[in-house]
Amino acid sequence: MKTALITGITGQDGAYLAEHLIGLGYRVHGLIRGQNNPKAEAVQRLIPKLELVEGDLLDQSSLIAAVESTQPDEVYNLGAISFVPVSWRQPVLTSEITGLGVTRLLEAIRLVNRDIRFYQASSSEMFGKVREVPQSETTPFHPRSPYGVAKAYGHYTTVNYRESYEMFACSGILFNHESPRRGLEFVTRKVTNAVARIKLGKQENVLMGDLSPKRDWGFAGDYVRAMHLMLQQDEPDDYVIGTGETHAVEELCAVAFAHVGLDWQDFVGTDPRFLRPAEVNLLIADSSKAREKLEWQPSVDFAGLVRMMVDSDLAQESAKCE
Ligand code: GDP
């Protein structure tokens, strides 16, 4: 039986990855931070077989202790400050957790057991003001937020530990991936939740930022399969994971509202509060390397993803009494 340790276990990807690995027969430990973390109970209820271990990406010795006590074959670093607007409001904390956290975790692995395989959750936000279209593993980075800068640091740190210590360290450059478990702050879930509430008469409209940026949105459940596949190869490497399709935020609104028979233009307003100091205008993945070497491909397309999320929000909002 293989053992995995996952940071970011209370996030969207942590839960999907833990379920996937447990389904494959893994023993799975999730790193949990803070005293009496309210999210610990929820993730434990969702995944009863998951074993929680205390630790914090800010605290070196807690990471060494977590790696020592769980003796994992594979470590997946999904923990981060992951919402771009928060990274402008708390840039130093973002650098500490999203950036330096990668070094701390790699140091823990190097000190405890260099044979442990390591996955770093890198991000398409590293491409930022894109230098080429579509973006592949060889596209230069130009991050546009403290989050993107911290992720670029984490990526290069992963590559550097691979090259310096011959560690099996992989960087998965994942484009936006969503699901019914996505936090309400992200644009997909903000829209699908608003559509459900508007349809049910609980909300009148929704205020948003720039509707023109384009993203390559996929389904998180598909993307965690790619993380696992990267660590099963003969050689460590970096892979871009995305669908190869791009859609504007406006199209997201159109598809989501149309799914419940409404016209988005009647309900979507704009508010400068949601504009960002610098924007990433166009992301689209060239994931041919992953498709070829990992034999990975997504199973859910953009419209299917949006409909899945709207249906889930409709069910959740109907069940809630207010
Ligand atoms: P990101 O790609 O990691 O920043 O993921 P988000 O889901 O937070 O944002 C995706 C895109 O939607 C960005 O270009 C945002 O500027 C744009 N966007 C437009 N309106 C909103 C909004 O109200 N909330 C969020 N989160 N994003 C918005």
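Numbering of ligands and ligand atoms starts at 1, following listing order.
When hydrophobic residues (I, L, V, M, F, W, Y) are linked wherever their side-chain heavy atoms come within less than 4.5 Å, the members clustered with Tyr147 are Val84, Trp88.
Enumerated by chain and number, the residues approaching ligand 1 to less than 4.0 Å through a heavy atom are Phe83, Val84, Glu125, Asn176, Glu185, Phe186, Val187, Lys190, Met208, Gly209, Asp210, Pro213, Arg215, Val249, Phe274, Arg276, Glu279.
Under the ring pair (Phe, Tyr, Trp, His ring centres under 6.0 Å) criterion, His29 pairs with no residue at all, not counting sequence neighbours. Not counting sequence neighbours, Phe168 has no partner by the ring pair (Phe, Tyr, Trp, His ring centres under 6.0 Å) test.
Under the 6.0 Å distance and 45° angle rule, Arg110 does not count as a cation-pi partner of Tyr161.
No donor-acceptor distance shorter than 3.5 angstrom exists from the side chain of Arg114 to the backbone of Met167, with no hydrogens or angles considered.
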Residues Asp313, Thr192; criterion side chain to side chain donor-acceptor pair (under 3.5 Å); working and verdict: CA-CA 7 Å; Asp313 275 312; Thr192 63; 2.7 Å; yes
